[in-house]
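These notes concern the structure reproduced below.
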Amino acid sequence: MADYDYDVLVIGAGPGGYVAAIRAAQLGLKTACAEGRATLGGTCLNVGCIPSKALLHASEYFEAAKGGAMAAMGIKVTPELDLDVMQGQRKDAVKGLTGGIEFLFKKNKVDWLKGYAQFKDAHTVEVDGKTYSAKNLVIATGSSVTPLPGVEIDNDKGVVVDSTGALELSAVPKKMVVIGGGVIGLELGSVWRRLGAEVTVVEFLDQLLPGMDMDVRKEAAKIFKKQGMTLKLSTKVTGVEVKGKKAKVSVEPSKGGDTETLDADVVLVAIGRKPNVEGLGIDKIGLELNQRGQIETDHDFATKVDGVWAIGDVIPGPMLAHKAEDEGLAVAENIAGLTGIVNHDVIPGVVYTQPEIAGVGLTEEAAKERGAVKVGKFPMLANSRAKTNHEPDGFVKVIADAETDRVLGVWCIASVAGTMIAQAAQAMEFGATSEDIAYTCHAHPTHSEAIKEAAMAVTGKPIHI
Ligand code: FAD
Ligand code: NAI
């Protein structure tokens, strides 16, 4: 170690990087973390998971009050939107949590190197004009918005924005056009729809939410339409023209056809994210990118360059905070000579709309490509708690191997699907069969009983339908 300033130097303090740095320090390694952003926590805490959930949560209350859901339970209120206060509590949430990471760095003696790191060689980086060496370097630089060619994003102007700009709008747009019917488009589109915007989602493919189970995608589309979103599926954007504070979005069918123009006060571009590697100097260490611009690693998160590791959004796999965090833990443990493993087959994904949409493991389509399956489904309408809470939308679907009964995938649309999916992930991690879930006692009345009943439906019959 004597030859290096640090045992471990992590580049990027998002959920991947900060977790890797803290775990490395906990394991007794001398650790630093370079971060160029003014606050720690990366995309997730600053402009991603946390601020979006702050607005989703608050706007959900607003809609419940305004839309009559509260009145239906005997709570009569006439809500008035104070967007400044709503945005203030979003900023407070971010401040509190990013400050919390700074506290954890201090507590664990992780040095924060303030600035953007650039490789000089495989064991040396430059940060803000200073050079630091480390035995191990972990690339955790995350991702940023994929631009749409020909469409210029200007978050300051607030007309054509990306997710960061869409979090910071100072007024509710009358008309919002969302380009991309993926996770960001639906979450942030939901926020502004609940607060009063007319939202149109333009999606290139014939369904929303690519990568999710087809039943779930179709049901989600029905629910979003019912909530008042306009969905333009199989449609592509051919141009966005901005005039002052207004935009005109030209769209046509994905396969070609007549052009239509959509008026918008705000256009949100949410067509995916790309790994952050620009300016990192990976060419100087002989590291190449794959076709998707990602850094490839082995199962230990080691790159092909000795002493250089990579985790999170910058490597293949779903771009999710908890995946990055788990890889952060694992890489630190591997660097320390322990065995850090992430089971990439069991990474839950959640869309935090209302109802929430969640899944883990294989879709029914993917499972069928691998062999025969049995599927059990249970509607939330027949779940006593969901029904009592006036939350009838959605279902749970359990997909199991037809021969072994081992659970291959679980999909839920339910008000608390994000919480429910944890038990499915744990069951799959333990190699559970659908029978194991069906014979596990679930507390009553809970939404989670729908998972038990969907599991019962795999081999036999649920009770409540
Ligand atoms: P990041 O969080 O992107 O962090 C990388 C950090 O590295 C950044 O702070 C960056 O400034 C820094 N950096 C980059 N280059 C350098 C350099 N050269 N030197 C120093 N620092 C550098 N995921 C979920 O699981 N749940 C959610 O609810 C969720 N909501 C989201 C909502 C939005 C609007 C967005 C945009 C994303 C959301 N995500 C969510 C995705 C999640 O934010 C990412 O998957 C996660 O942040 C990835 O973590 P990471 O550590 O790989 O990278
Ligand atoms: P996404 O990949 O989820 O969705 C992008 C959508 O845009 C896709 O449906 C795609 O078909 C569509 N699209 C692509 N090009 C298009 C075009 N030219 N015109 C119209 N549609 C087009 O990406 P998104 O929503 O930008 O989110 C990025 C990442 O951030 C996701 O991969 C997700 O993992 C992560 N994220 C996770 C959240 C969560 O876990 N709750 C919340 C928000 C983001």
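Each ligand, and each atom within it, is numbered from 1 in the order the structure gives. Note that the coordinates shown come from a computational prediction; the quantities given were computed from them, not determined experimentally.
Comparing Ala270, Gly180, Ser143 against atom 5 (C) of ligand 2, the shortest heavy-atom distance belongs to Ala270. The closest non-hydrogen atom to atom 13 (N) of ligand 1, taken over Tyr116, Tyr352, Phe119, comes from Tyr116. Across the listed options Gly42, Cys44, Gly41, Cys44 owns the non-hydrogen atom lying nearest to atom 47 (O) of ligand 1. Compare Gly185, Gly272, Gly182 by their heavy atoms: the one nearest to atom 24 (P) of ligand 2 is in Gly272.
Of the protein's non-hydrogen atoms, the one nearest atom 36 (C) of ligand 1 is Arg273 NH1, 3.4 Å. Here the heavy atom of the protein found nearest to atom 29 (C) of ligand 1 is Cys49 SG, 3.3 Å. Nearest non-hydrogen protein atom to atom 35 (C) of ligand 1 is Gly48 CA, 3.6 Å. Among all non-hydrogen protein atoms, the one lying nearest atom 51 (O) of ligand 1 is Gly16 N, 2.9 Å. Scanning the protein for heavy atoms near atom 52 (O) of ligand 1, the closest one is Asp313 N, 2.9 Å. Remark: minimum distance from atom 49 (O) of ligand 1 to any protein heavy atom is reached at Pro15 CD, 3.4 Å. Looking from atom 2 (O) of ligand 1 to the surrounding protein, the closest heavy atom is Thr43 N, 2.9 Å. Atom 43 (C) of ligand 2 has Ile184 CG1, 3.3 Å as its closest protein atom, hydrogens excluded (heavy atom only). Nearest non-hydrogen protein atom to atom 12 (C) of ligand 1 is Glu35 OE1, 3.2 Å.
Between the side chains of Asn136 and Asp7, no donor-acceptor pair of N or O atoms lies under 3.5 Å. Using a 3.5 Å distance cut-off with no hydrogens or angles, the side chains of Asp3 and Ser133 do not pair a donor with an acceptor. Side-chain contact of Ser143 with Asp313: a donor-acceptor pair under 3.5 Å is present, judged by distance alone. For the residue pair Gln118/Glu126, the side-chain donor-acceptor check at 3.5 Å is not satisfied. A side-chain donor from one of Asn276 and Ser144 sits under 3.5 Å from a side-chain acceptor of the other.
Between Val145 and ligand 1 there is no heavy-atom distance shorter than 4.0 Å. Remark: distances from the non-hydrogen atoms of Gly115 to ligand 1 include one below 4.0 Å. The shortest separation from a heavy atom of Lys323 to ligand 1 is not under 4.0 Å, leaving the residue out of contact.
The side chain of Glu187, and not its backbone, has at least one atom closer than 4.0 Å to an atom of ligand 2 (non-hydrogen atoms only; side chain from C-beta on). Counting heavy atoms under 4.0 Å from ligand 1, residue Ser143 touches it through the backbone alone. When heavy-atom distances to ligand 1 are checked against a 4.0 Å cut-off, Gln118 has no atom that comes that close, whether in backbone or side chain. The parts of Val183 lying near ligand 2 are both backbone and side chain, judged by heavy-atom distances below 4.0 Å. Contacts between Thr146 and ligand 2, counted as non-hydrogen atom pairs separated by less than 4.0 Å, are absent for every part of the residue. At a heavy-atom distance under 4.0 Å, no atom of Leu209 approaches ligand 2.
Annotation: Val350 places an N or O atom under 3.5 Å from an N or O atom of ligand 2; distance criterion only. At under 3.5 Å, not a single nitrogen or oxygen of Pro210, backbone or side chain, sits near a nitrogen or oxygen of ligand 2. Checking only distances, Met319 does come within under 3.5 Å of ligand 2, N or O to N or O. The shortest N/O to N/O separation between Glu203 and ligand 2 falls below 3.5 Å. The distance criterion of under 3.5 Å between nitrogen or oxygen atoms is not met by Leu280 with respect to ligand 1. Of the N or O atoms in Val237, none lie within a sub-3.5 Å distance of an N or O in ligand 2.
Protein heavy atoms all stay at least 4.0 Å away from atom 31 (C) of ligand 2.
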Walk me through it: do Asp265 and Lys245 pass the test salt bridge (Lys or Arg N to Asp or Glu O under 4.0 Å)? CA-CA 7 Å; Asp265 303 290; Lys245 296 294 272 175; over 6 Å; no
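The shortest side-chain heavy-atom distance between Asp263 and Lys248 falls under the 4.5 Å cut-off.
Near Val202, meaning under 4.0 Å from any of its heavy atoms, are these atoms of ligand 2: 20 (C), 21 (N). Those atoms of ligand 2 that come under 4.0 Å of a heavy atom in Ile179, given as number and element, are 19 (N), 20 (C). Less than 4.0 angstrom separates some heavy atom of Leu148 from each of these atoms of ligand 2: 18 (N).
Geometric assessment of Lys30 against the ring of Tyr6 yields a positive cation-pi assignment under the 6.0 Å and 45° thresholds. Figure legend: Lys377 and Phe395 shown as a cation-pi pair, the cationic atom lying under 6.0 angstrom from the six-membered ring centre and within 45 degrees of its axis.
Ion pairing between a basic and an acidic side chain is recognised when a charged N comes within 4.0 Å of a carboxylate O; Glu63 and Arg193 show such pairing. Between Glu203 and Lys232, no side-chain nitrogen of the basic residue sits less than 4.0 Å from a carboxylate oxygen of the acidic one, so the salt-bridge criterion is not met. Taking a cutoff of 4.0 Å between a charged side-chain nitrogen and a carboxylate oxygen, Lys304 and Glu296 do not qualify as a salt bridge. The residues Glu327 and Lys323 are annotated as salt-bridged, a charged nitrogen and a carboxylate oxygen being separated by less than 4.0 angstrom.
Separating the CG atom in Leu40 from the CG atom in Leu97 is a distance of 12.0 Å, to the nearest 0.5 Å.
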